[in-house]
Chemist: 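Please see the structure below; I have some questions.
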Amino acid sequence: MSEFNEIADAVINGEVEKVAEIAQKLVDAGQKPSKIIKEGLVAGMNVVGKRFKNQDMFVPEVLISAKSMHAGMDIVKPLLSDADSSSAGTVVIGTVKGDLHDIGKNLVAMMIEGAGFEVVDIGIDKSADEIVEAVKEHKPDVLGLSALLTTTMPAMEEAIEALEEAGIRDEVKIILGGAPVSQDFADEIGADGYAPDGSVATDLVRELA
Ligand code: B1M
């Protein structure tokens with residue numbers, strides 16, 4: 001088995017130390033950092049995404065796989081040259097105002113990152129103004145908003161309205177997620193998409209970015 005398959009398998013199996021070890025070995029052997037990411041770490045996370053979608057893997061396992069991917073990224077990312085580091089696009093993600101839930105949002109962020117996107121996680125409890133500022137600063141291809149409370153869903157609409165008022169709504173695609181959110185709600189408030197989980201969110205980001 002090639003070392004690229006080996007590192008991908010170690011990501012799938014959530015073997016944090018093994019991923020770091022193989023990543024270092026590949027770096028020492030002079031392999032290109034971008035190749036280690038694409039053919040090793042991202043390839044592994046793609047399998048994780050598919051297995052999660054098919055319910056062959058569950059949240060705790062996905063989190064450990066994501067941790068493994070990060071262990072590899074920590075070694076490889078600092079070595080990326082500008083020419084090497086072309087990401088698939090940028091995604092800003094956060095949980096809306098009044099809402100402190102971040103486990104699902106973090107999982108979604110890691111899966112999107114695992115698909116090769118640059119993810120800027122702005123955290124929890126983010127007001128419409130803070131979201132507008134983040135979009136102005138990072139100019140993402142996609143903005144992802146998460147809400148876990150029915151009482152904070154209106155904050156998603158407020159964020160979209162604030163982006164409209166700031167004149168930058170059309171510069172970014174907006175996707176929503178979180179347990180109480182639905183496709184109907186996303187359509188109603190003018191978002192570009194809804195995803196029930198990290199796997200669908202990753203597919204949606206690939207489609208929209
Ligand atoms: Co909270 N809480 N909580 N809570 N909490 C819920 C959500 C609740 C359903 C529990 C219940 O009553 N049965 C309920 C909401 C009811 C409602 O509004 N419908 C609730 C409540 C009421 C509250 C408080 C108000 C309780 C209180 O204080 N009285 C309070 C509110 C605090 C606040 O936010 N202002 C509160 C607090 C908390 C804790 C801080 C204790 C903790 C959060 C810790 C943290 O996140 N760091 C917590 C937790 C852990 C939960 C439950 C138990 C678990 C949530 C979770 O992490 N699930 C939850 C009950 C439950 O869901 N069983 C509950 C695992 C996670 C992987 O799934 O977040 O759904 P989830 O994410 C999924 C998808 O939704 C989707 O993909 C993820 C992966 O599959 N997804 C996206 C999420 N974001 C996405 C974004 C996308 C796409 C997909 O694109 C951008």
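Note that this is a predicted model, so its numbers are computed, not measured. Indexing begins at 1, ligand by ligand and atom by atom, following the structure's order.
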Chemist: Look up atom 52 (C) of ligand 1 and tell me if a protein heavy atom lies less than 4.0 Å from it?
Modeler: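 Given the 4.0 Å cut-off, atom 52 (C) of ligand 1 does not count as touching protein heavy atoms.
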Chemist: Write out the residue and atom name of the closest protein heavy atom to atom 44 (C) of ligand 1, then the distance separating them to 0.1 Å.
Modeler: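 Ranked first by proximity to atom 44 (C) of ligand 1 is Ile103 CD1, 4.2 Å.
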Chemist: Looking only at protein heavy atoms, which one is nearest to atom 84 (N) of ligand 1, and how far off is it?
Modeler: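 Going by distance alone, atom 84 (N) of ligand 1 is nearest to Ser146 OG, 2.7 Å.
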Chemist: Are Lys50 and Asp56 close enough, and set up right, to give a salt bridge (charged side-chain N to carboxylate O under 4.0 Å, His left out), and what steps lead you there?
Modeler: CA-CA 8 Å; Lys50 282 187 192 128; Asp56 291 332; over 6 Å; no
Chemist: Does this structure show an ion pair linking Lys139 with Glu171, if we count only N-O contacts that are shorter than 4.0 Å?
Modeler: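 No salt bridge links Lys139 with Glu171.
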Chemist: Identify the heavy atoms of Ala134 and Ile122 that sit nearest to each other, and give their distance.
Modeler: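 Nearest pair, atom of Ala134 first, then Ile122: CB-CG2, 3.8 Å.
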Chemist: Ignoring hydrogens, just give me the one of Gly104, Gly98, Pro196 whose non-hydrogen atom is nearest atom 76 (C) of ligand 1.
Modeler: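 Among Gly104, Gly98, Pro196, the closest heavy atom to atom 76 (C) of ligand 1 comes from Pro196.
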Chemist: Between the side chains of His70 and Glu113, does any donor sit under 3.5 Å from an acceptor?
Modeler: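 His70 vs Glu113: donor-acceptor pair found between side chains.
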Chemist: Does the protein put a heavy atom less than 4.0 Å from atom 13 (N) of ligand 1?
Modeler: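 Under the 4.0 Å cut-off, atom 13 (N) of ligand 1 has no protein heavy-atom neighbours at all.
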Chemist: List the closest protein heavy-atom neighbour of atom 47 (N) of ligand 1: residue, atom name, distance to the nearest 0.1 Å.
Modeler: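 Closest protein heavy atom to atom 47 (N) of ligand 1: Asp102 OD1, 2.7 Å.
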Chemist: So do the side chains of Thr150 and Pro180 get within less than 4.5 Å of each other, counting heavy atoms only?
Modeler: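 In short, these two side chains touch, coming nearer than 4.5 Å.
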Chemist: Only heavy atoms of Phe52, strictly under 4.0 Å: list the atoms of ligand 1 that pass.
Modeler: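 Atoms satisfying the 4.0 Å criterion: 80 (O).
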Chemist: Does any part of the side chain of Asp102, heavy atoms only, come nearer than 4.5 Å to the side chain of Asp121, both counted from C-beta?
Modeler: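 When only atoms from C-beta onward are counted, Asp102 and Asp121 do not touch, as no gap falls below 4.5 Å.
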Chemist: When rounded to the nearest 0.5 angstrom, what is the spacing between NZ in Lys53 and OG in Ser199?
Modeler: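 One gets 4.5 Å once the value is rounded to the nearest 0.5 Å.
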Chemist: Within a distance of under 4.0 Å, is there any protein heavy atom near atom 1 (Co) of ligand 1?
Modeler: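 When distances to the protein are checked, atom 1 (Co) of ligand 1 has a heavy atom within 4.0 Å.
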Chemist: Give me the atom names and distance for the closest heavy-atom approach of Ile160 to Arg169.
Modeler: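 Between these two residues, the closest heavy atoms are CG2-NE, 3.9 Å.
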Chemist: Closer than 2.8 Å to atom 1 (Co) of ligand 1, what protein N/O/S atoms do you find?
Modeler: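 Listed by chain and number: His101 NE2.
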Chemist: Kindly state if atom 5 (N) of ligand 1 has a protein heavy atom within a strict 4.0 Å cut-off, that is, under 4.0 Å?
Modeler: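 Looking at atom 5 (N) of ligand 1, one finds that a protein heavy atom does lie closer than 4.0 Å.
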Chemist: Looking at atom 86 (C) of ligand 1, what's its closest protein heavy atom, distance included?
Modeler: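 Here the nearest protein heavy atom works out to Gly177 CA, 3.5 Å.
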Chemist: Looking at atom 39 (C) of ligand 1, would you say a protein heavy atom lies below 4.0 Å from it?
Modeler: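 Not a single protein heavy atom is under 4.0 Å away.
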Chemist: Under 4.0 Å between a side-chain nitrogen and a carboxylate oxygen: does that hold for Arg206 and Asp203?
Modeler: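 Counted as a salt bridge, because a side-chain N and a carboxylate O are separated by less than 4.0 Å.
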Chemist: Any atoms of ligand 1 less than 4.0 Å from a non-hydrogen atom of Gly144? List them with their elements.
Modeler: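 Ligand 1 atoms under the 4.0 Å threshold to Gly144: 91 (C).
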Chemist: Under 4.0 Å and counting heavy atoms only, is there anything from the protein next to atom 60 (C) of ligand 1?
Modeler: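 For atom 60 (C) of ligand 1 the answer is no, since every protein heavy atom stays at 4.0 Å or beyond.
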Chemist: Hey, does Ala179 come in under 3.5 Å of ligand 1, counting only N/O atoms on both sides?
Modeler: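 Indeed, backbone or side chain, Ala179 has an N or O that close.
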Chemist: Any idea which heavy atoms bring Arg51 and Ile12 closest together, and the distance?
Modeler: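 For Arg51 versus Ile12, the nearest heavy atoms are NH1-CG2, 3.2 Å.
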Chemist: Among all protein heavy atoms in this structure, tell me which lies nearest to atom 80 (O) of ligand 1, with the distance rounded to 0.1 Å.
Modeler: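 Ranking protein heavy atoms by distance from atom 80 (O) of ligand 1, first comes Asp197 CB, 3.5 Å.
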Chemist: Could you pull out the closest heavy-atom pair between Tyr194 and Gln183, with the gap in Å?
Modeler: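 Looks like CD2-N, 3.5 Å.
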Chemist: Identify the protein heavy atom lying closest to atom 89 (C) of ligand 1, giving its residue, its atom name and the separation to 0.1 Å.
Modeler: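 That would be Ala195 O, 3.2 Å.
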Chemist: Hey, is atom 69 (O) of ligand 1 touched by any protein heavy atom at less than 4.0 Å?
Modeler: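 At least one protein heavy atom is under 4.0 Å away.
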Chemist: For atom 19 (N) of ligand 1, which candidate among Thr150, Ile175, Leu107 provides the closest heavy atom?
Modeler: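 That would be Thr150.
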Chemist: Could Lys97 and Asp125 be called an ion pair, given the rule that one side-chain N must be under 4.0 Å from one carboxylate O?
Modeler: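 Yes, this pair counts.
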Chemist: Among all the protein's non-hydrogen atoms, which is closest to atom 81 (N) of ligand 1, and how far away is it?
Modeler: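 Going by distance alone, atom 81 (N) of ligand 1 is nearest to Gly178 N, 3.4 Å.
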Chemist: For residues Ile7 and Ala23, report the shortest heavy-atom separation together with the two atoms involved.
Modeler: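 The answer is CD1-N, 3.6 Å.
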Chemist: Side chains of Val27 and Val76, heavy atoms from C-beta outward: is any pair under 4.5 Å?
Modeler: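 They are in side-chain contact.
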Chemist: Check for me whether Tyr194 has a heavy atom closer than 4.0 Å to any atom of ligand 1.
Modeler: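 No, Tyr194 has no heavy atoms under 4.0 Å from ligand 1.
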Chemist: Should you measure from each heavy atom of Asp99, which atoms of ligand 1 turn up under 4.0 Å away?
Modeler: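 Those of ligand 1 that fall under 4.0 Å from Asp99 are 34 (O).
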Chemist: Is it the case that over 12 heavy atoms from other parts of the model lie below 6.0 angstrom from the CG atom of Asp28?
Modeler: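 More than 12 within 6.0 Å, yes.
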Chemist: Examine the proximity of ligand 1 to Leu145 and report which part, side chain or backbone, both or neither, has a heavy atom under 4.0 Å away.
Modeler: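 Near ligand 1, Leu145 shows its backbone, while the atoms from C-beta on stay back.
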Chemist: For Leu145 and Ala159, which heavy atoms make the closest approach, and how far apart are they?
Modeler: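 Closest pair (atom of Leu145, atom of Ala159, distance): CD1-CB, 4.0 Å.
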